[in-house]
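All ligand and atom numbering here is 1-based and tracks the order in the structure.
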Amino acid sequence: MSVALLWVVSPNSEVSNGTGFLDSVREGNRGLESSRFPSRDRNSMWKGRFKKGGRQGWNFGSLNADLRYSCLGRSRTENGRSFSVQSSLVASPAGEMAVSSEKKVYEVVLKQAALVKRHLISTDDIEVKPEIVLPGNLGLLSEAYDRCGEVCAEYAKTFYLVWCRRTDELVDGPNASHITPQALDRWEARLEDIFNGRPFDMLDAALSDTVSRFPVDIQPFRDMVEGMRMDLWKSRYNNFDELYLYCYYVAGTVGLMSVPIMGIAPESKATTESVYNAALALGIANQLTNILRDVGEDARRGRLYLPQDELAQAGLSDEDIFAGKVTDKWRIFMKKQIQRARKFFDEAEKGVTELSSASRWPVLASLLLYRKILDEIEANDFNNFTKRAYVSKPKKLLTLPIAYARSLVPPKSTSSPLAKT
Ligand SMILES: CC(C)=CCC/C(C)=C/CC/C(C)=C/CC/C(C)=C/COP(=O)(O)OP(=O)(O)O
């Protein structure tokens, strides 16, 4: 994967410690040369591989119905095709209609996809990012990528970006109690510097280098910092719309950051925005799974990442969660939450085949493994108050070859669920 980043496939680096991927980023994305987003310093390649003719149509509808509250609205893609956005508006408690989080987030998805298109059609680096002046020489840069690999190996269980991990550490790490909104403002200013080619340290330098070479937009990074700000003051979510936004901020953003680096398979017929949408769905699915696995742990920190209105509909209150008793009401509530998370995984799965061949295996392996946590919550009879659901080593090991075999299948030429119509 990416950037100042890592590529550690799930459980404790059993598959890879990420250095292979880092190497490919460092060396100019050799491994991804055949992807739809070759790196910038392979500029001529981009031009040659660009598929002109407007990528159109998208597949957003399938996430719909069960995941939405209201069913309103049609919108338009950049190329004028209309699509249904079944939850573009949500009703506020006061009865006002507001644009749903999902609609807002989809604007970001469209922006990311448009950025890729602009990069690909640019004949002469029209939208060039500023030349990155990196500290020292190429040797130092290589060292910076190595350091990123070490950070990954130290912290990550799932693949993750080093910058994301550092951001997360601000609010979840040992100094978390000292983190203020002002500290996050400073972290965001430093982020702007990274994108403007003024890295502060070595890890930043690796990210600066990466974002200068791939069509990576700053917005998802800013949004992740926004998620951390949210975590500082918000400990309840009124409905799924609010929770969705939080999940986008802290995890969906990672999906959007990753696709430009991983690249889409050159033979893929899927629209760029549909692949970004699948990446977003994987982030959301992972985060929802994380939340469902950690209900007890979060409650002990006074946090409830569950939609309050759905809890109330199920006849449950905050006190029930703090009491931590598995009741039939809880089982029914949990079944619905798990069902929703699985739908996001299903949506994500459709996009994996469209990724560049080098990325399919690790992404699919992590998807299958993380989704299995939901099975384990069920196997624990929904006791996520005192039991931490996890996937056993033998199950993990069994999943890897399955994911590998499936990852060999190239994108379908016409019948892909994400193919343009
Ligand atoms: C599907 C397509 C088209 C692309 C894939 C795009 C990607 C890479 C999406 C992944 C997004 C992602 C990894 C989000 C992070 C979500 C999350 C909850 C991570 C938890 O990480 P850890 O904290 O290390 O996990 P544990 O808490 O389980 O240890």
Side-chain angles (χ1 to χ4, degrees), residues 1-3 5-13 18 21 35-37 59 109 112-113 151-169 171-173 220 223-224 227 246-265 268 270-294 297-298 305 341 344-356 358-374 376-377 388-391 396 403 407 411 416-418:
M1 190 164 89
S2 114
V3 200
L5 340 193
L6 70 154
W7 184 244
V8 183
V9 173
S10 206
N12 308 325
S13 316
F21 195 85
S35 89
R36 198 187 282 171
F37 317 146
N59 186 336
V109 169
Q112 307 308 299
V151 174
C152 295
E154 195 176 329
Y155 286 107
K157 286 188 183 167
T158 48
F159 53 78
Y160 220 72
L161 314 179
V162 167
W163 181 86
C164 298
R165 177 53 71 190
R166 293 174 98 189
T167 306
D168 192 48
E169 279 290 297
V171 287
D172 261 354
D223 287 342
M224 177 170 271
Y246 173 73
C247 292
Y248 159 68
Y249 282 152
V250 300
T253 48
V254 185
L256 301 189
M257 292 168 194
S258 309
V259 176
I261 319 292
M262 295 187 298
I264 299 176
S268 167
T271 64
T272 305
E273 47 274 41
S274 69
V275 180
Y276 272 92
N277 208 40
L280 166 69
L282 184 53
I284 305 279
N286 285 347
Q287 189 59 31
L288 289 174
T289 302
N290 220 279
I291 286 171
L292 297 176
R293 182 194 62 191
D294 297 341
E297 200 180 310
D298 288 335
Y305 297 99
F344 279 99
F345 277 120
D346 293 347
E347 192 63 20
E349 207 172 346
K350 290 181 212 156
V352 178
T353 335
E354 312 300 330
L355 292 172
S356 64
S359 308
R360 289 200 285 269
W361 182 32
V363 170
L364 187 60
S366 90
L367 184 154
L368 298 178
L369 288 168
Y370 230 76
R371 185 161 61 188
K372 279 186 194 298
I373 295 176
L374 297 173
E376 298 300 329
I377 298 173
R388 192 174 213 255
Y390 74 98
V391 181
K396 282 175 183 167
S407 71
S416 156
L418 303 182

Distance under 4.0 Å to a non-hydrogen atom of [X]: what atoms of ligand 1 satisfy this?
X: Val275; answer: 3 (C)
X: Val363; answer: 5 (C)
X: Gly255; answer: 6 (C), 7 (C), 9 (C), 11 (C)
X: Ala348; answer: 1 (C)
X: Tyr370; answer: 20 (C), 25 (O), 26 (P), 27 (O), 28 (O)
X: Gly351; answer: 3 (C)
X: Gln287; answer: 18 (C)
X: Ser258; answer: 8 (C)

Report the distance from atom [atom1] of [X] to atom [atom2] of [Y], rounding to the nearest 0.5 Å.
X: Leu369; Y: Thr289; atom1: CG; atom2: OG1; result: 12.0 Å
X: Arg371; Y: Ser366; atom1: CZ; atom2: OG; result: 11.0 Å
X: Gln287; Y: Cys247; atom1: CD; atom2: SG; result: 5.0 Å

Next item on the list: Run down the list Asp168, Asn286, Ile261, Ile264 and name the one with the heavy atom closest to atom 12 (C) of ligand 1.
Entry: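 The residue whose heavy atom sits nearest atom 12 (C) of ligand 1 is Asn286.
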What one should report as the nearest heavy-atom pair of Ala251 and Gly283 is CB-O, 3.2 Å
> If you take all heavy atoms of Ile377 and Ala389, which pair is closest and at what distance?
Replying inline: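 Ile377 and Ala389 have their closest heavy atoms at CG1-CB, 3.6 Å.
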Exercise. Polar-atom distance check: Arg388 versus ligand 1, any N or O pair below 3.5 Å?
Worked result: no
Considering only heavy atoms, does [X] approach ligand 1 within less than 4.0 Å through its side chain, its backbone, both, or neither?
X: Ala279; result: both
X: Leu367; result: neither
X: Arg360; result: neither

Can you tell me which residue among Val391, Leu282, Asn286 is in a side-chain contact (heavy atoms from CB on, under 4.5 Å) with Tyr370?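 The option that passes is Asn286.
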Exercise. Among Tyr248, Tyr249, Trp163, whose side-chain contact (heavy atoms from CB on, under 4.5 Å) with Met224 holds?
Worked result: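 Testing Met224 for a side-chain contact (heavy atoms from CB on, under 4.5 Å) against Tyr248, Tyr249, Trp163 leaves exactly one candidate, Trp163.
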Can you tell me if [X] contacts ligand 1 (heavy atom of the residue under 4.0 Å from the ligand)?
X: Tyr276; answer: no
X: Glu349; answer: no
X: Arg165; answer: yes

- Quick one: does Arg360's side chain have a donor or acceptor within less than 3.5 Å of a partner on Leu355's backbone? yes
Query - Any residue meeting side chain to side chain contact (heavy atoms under 4.5 Å, CB included) with Thr353, in chain and number order, not counting sequence neighbours - result: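 Checked Thr353 against side chain to side chain contact (heavy atoms under 4.5 Å, CB included); zero matches.
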Would Val259 and Gln112 satisfy side-chain contact (heavy atoms from CB on, under 4.5 Å), going step by step from the backbone distance to the final call? CA-CA 9 Å; Val259 176; Gln112 307 308 299; over 6 Å; no
